[in-house]
Trainee: 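Take a look at this one; I'll ask things after.
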There are 2 protein chains.
Amino acid sequence: MARTAGSDGGKTQAAIRDAAISLIARFGYEAVSMRQLAAEVGVQAAALYRYFPTKEDLLYDLMTAHMQALLASWQEARPSTAEPAPRLAAFVRNHIRFHVERRHSTHVNNMELRSLSRDRLTAILRLRASYEKELRQILRDGAEQGAFTVEDVTLTAMAIIQMVTGVIVWFRPDERLSVAEVTDTYHKMTMRLVGAREN
Amino acid sequence: MARTAGSDGGKTQAAIRDAAISLIARFGYEAVSMRQLAAEVGVQAAALYRYFPTKEDLLYDLMTAHMQALLASWQEARPSTAEPAPRLAAFVRNHIRFHVERRHSTHVNNMELRSLSRDRLTAILRLRASYEKELRQILRDGAEQGAFTVEDVTLTAMAIIQMVTGVIVWFRPDERLSVAEVTDTYHKMTMRLVGAREN
DNA sequence: GAATTAATTGAACGTTCGTTTTATTCTTGT
DNA sequence: ACAAGAATAAAACGAACGTTCAATTAATTC
């Protein structure tokens, strides 16, 4: 057999991306075979190679798209004010919202870095660093203006990132807490963590 | 050929555990082959099966040992006082010390849960839950006694665990900060996070 | 409606995987 | 000195892996 009725390259490529994110998030990159992925999409394994030259190319594509979407969402959400407190609040709230909405691809980006080649790992880490730099700048401004108490900007930034990204490890929608409640509590904890003045 | 001069089952088993932790932490469970592991130990792949019936048995052995060592270290370190603040301080300090000392096996326990069978996953998660329960109890006592400000005990416990375990993601000894400095800063951040009264 | 391009199949490639089997050598207790 | 058992090597097993290739059909273009 050959080309099937109604087949469309664009739709197939999108379906591959979706299936790959969900399968890799659940079972891990190494544990997911190209045949298993193809079966989920509803094609033969060979068809995948029309869209992604290798398995690693597919992984890199997914991770790059995730990081670029994260950076874009922060550019969209960042406030214009120079005041540290509302900027930190916006960062935490946007971060949690984005990561809860994209649990699966966040999982892929956090767990599968070691399956990338050196160059591609470097590229992803560069994108990640530029995102974390935004948080460090907020903390540095807050410390300099006396609005925050921060012992070490880099360390505090990592602590906050780990804390808020960790939401996706345990949070499941439709449970005890809503996204809004979780975000509110994390916002309060973050503000206390940096010793923000009450106002 | 067959048995080699100076071979000793006890030493070989310990060498297998050490090599497995370091290789799996670096490359991931699925990516490490039994042949690669055997080469690191300095034996043939078949020799591994004298000590561990299957690859998954080996992984489960490593993860169980890690969790039991963690619980044991807390039993050793927990203070006898009923005051929440020193108890929380001891928890955070012991947690960071333990995890920095055992970066590799912590990595294995955090990353490879999905490679376990259902029953074994449940067993590991049970051990983990009993550890987290200790932290929740401290937070609950602190909130009830008015020593802490805690919006949600479960959520705050997860936030603290994620934050302090995250140290191993970025911290490397022999760098800018010492373990003691990192521990001190995390201790201060944790105390502010839970709104601990100064005293 | 013929020619061209796009999308997919089915079969096969060589390699590596976890694991088993069998035979051989070393160590230990008597 | 020798038997018993522990420890390992070497080779092999079938299955699964990522990937390639030629053939074939559907859609598009002229």
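Quantities reported herein were computed from a predicted structural model and do not represent experimental measurements. Naming convention: chains lettered A, B, ... in sequence-line order (proteins, then strands); numbering from 1 in each chain.
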Trainee: Tell me whether Arg140(B) is salt-bridged to Glu144(B), with the criterion being a basic N under 4.0 Å from an acidic carboxylate O.
Mentor: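 No salt bridge links Arg140(B) with Glu144(B).
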Trainee: Using whole Å, what does the distance between atom P of nucleotide dA6(C) and atom CD of Gln13(A) come to?
Mentor: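 Atom CD in Gln13(A) sits about 14 Å away from atom P in dA6(C).
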Trainee: If you check the Tyr51(A) side chain, which of dT19(D), dA7(D), dA7(C) turns out closest?
Mentor: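 Nearest to the side chain of Tyr51(A) among the choices is dA7(C).
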Trainee: Flag the pair Arg103(B) / Arg172(B) as yes when at least one side-chain heavy-atom distance between them is below 4.5 Å, and no otherwise.
Mentor: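 Yes - at least one pair of side-chain heavy atoms lies under 4.5 Å apart.
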Trainee: Grab the NZ-P distance between Lys11(A) and dT8(C) for me, whole Å please.
Mentor: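 These atoms are roughly 11 Å apart.
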Trainee: When you check the phosphate oxygens OP1 and OP2 of dT8(D), does a side-chain N or O of Thr12(B) lie under 4.0 Å from one of them?
Mentor: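 Looking at the OP1 and OP2 atoms of dT8(D), one of them is under 4.0 Å from a side-chain N or O of Thr12(B).
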Trainee: As a test of reading the structure: which of dA6(C), dA10(D), dC21(D) is closest to the side chain of Ala46(B), going by heavy atoms?
Mentor: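 Side chain of Ala46(B) sits closest to dA10(D).
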Trainee: Examine dT8(D): is either OP1 or OP2 under 4.0 Å from a nitrogen or oxygen in the side chain of Gln44(B)? Give yes or no.
Mentor: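 Looking at the OP1 and OP2 atoms of dT8(D), neither is under 4.0 Å from any side-chain N or O of Gln44(B).
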Trainee: State which of dG18(D), dA9(D), dG18(C) makes the closest approach to the side chain of Lys55(A).
Mentor: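 Nucleotide nearest to Lys55(A)'s side chain: dG18(D).
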Trainee: Do any of residues 28-39 of chain B sit with a heavy atom less than 4.0 Å from DNA chain C, and if so which?
Mentor: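 Per residue number, the list reads Val32(B), Ser33(B), Met34(B), Arg35(B).
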Trainee: Do we see a donor-acceptor contact under 3.5 Å between the side chains of Thr106(B) and Asn109(B)?
Mentor: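 Asn109(B) and Thr106(B) do not have a side-chain donor-acceptor pair below 3.5 Å.
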Trainee: Distance-only criterion, 3.5 Å: show the donor-acceptor pairs between side-chain atoms of residues 20-45 of chain A and protein atoms not counting sequence neighbours.
Mentor:
| from | atom 1 | to | atom 2 | distance (Å) |
| --- | --- | --- | --- | --- |
| Tyr29(A) | OH | Glu56(A) | N | 3.2 |
| Ser33(A) | OG | Gln36(A) | N | 3.0 |

Trainee: Of all the nucleotides listed (dA9(D), dT8(C), dT19(C)), which has the minimum atom distance to the side chain of Thr54(B)?
Mentor: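 The nucleotide sitting nearest to the side chain is dT19(C).
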Trainee: Can you tell me the distance, in whole Å, between the CG atom of Asp57(A) and the C1' atom of dT19(D)?
Mentor: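 Going from CG in Asp57(A) over to C1' in dT19(D) covers 13 Å.
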Trainee: If only side-chain N and O atoms count, and only distance matters, is there a donor-acceptor pair under 3.5 Å linking Thr165(B) with Asn110(B)?
Mentor: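 Side-chain D/A pair, Asn110(B) to Thr165(B): absent.
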Trainee: Taking the side chain of Tyr49(A) as its heavy atoms from C-beta onward, which of dT20(D), dA10(D), dT8(C) lies nearest to it?
Mentor: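 Of dT20(D), dA10(D), dT8(C), dT20(D) is nearest to the side chain of Tyr49(A).
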Trainee: Measure the acute angle between the ring planes of His99(B) and His66(B), then classify it against the limits of 30° and 60° as parallel, tilted or perpendicular.
Mentor: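 Perpendicular: the ring planes of His99(B) and His66(B) meet at over 60°.
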Trainee: Compute whether any side-chain donor of one residue and acceptor of the other, for Gln137(B) and Asp141(B), lie under 3.5 angstrom apart.
Mentor: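 Yes - a donor-acceptor pair under 3.5 Å links their side chains.
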Trainee: What is the distance, rounded to the nearest whole Å, between atom CZ of Phe52(A) and atom P of dT20(D)?
Mentor: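 Atom CZ in Phe52(A) sits about 16 Å away from atom P in dT20(D).
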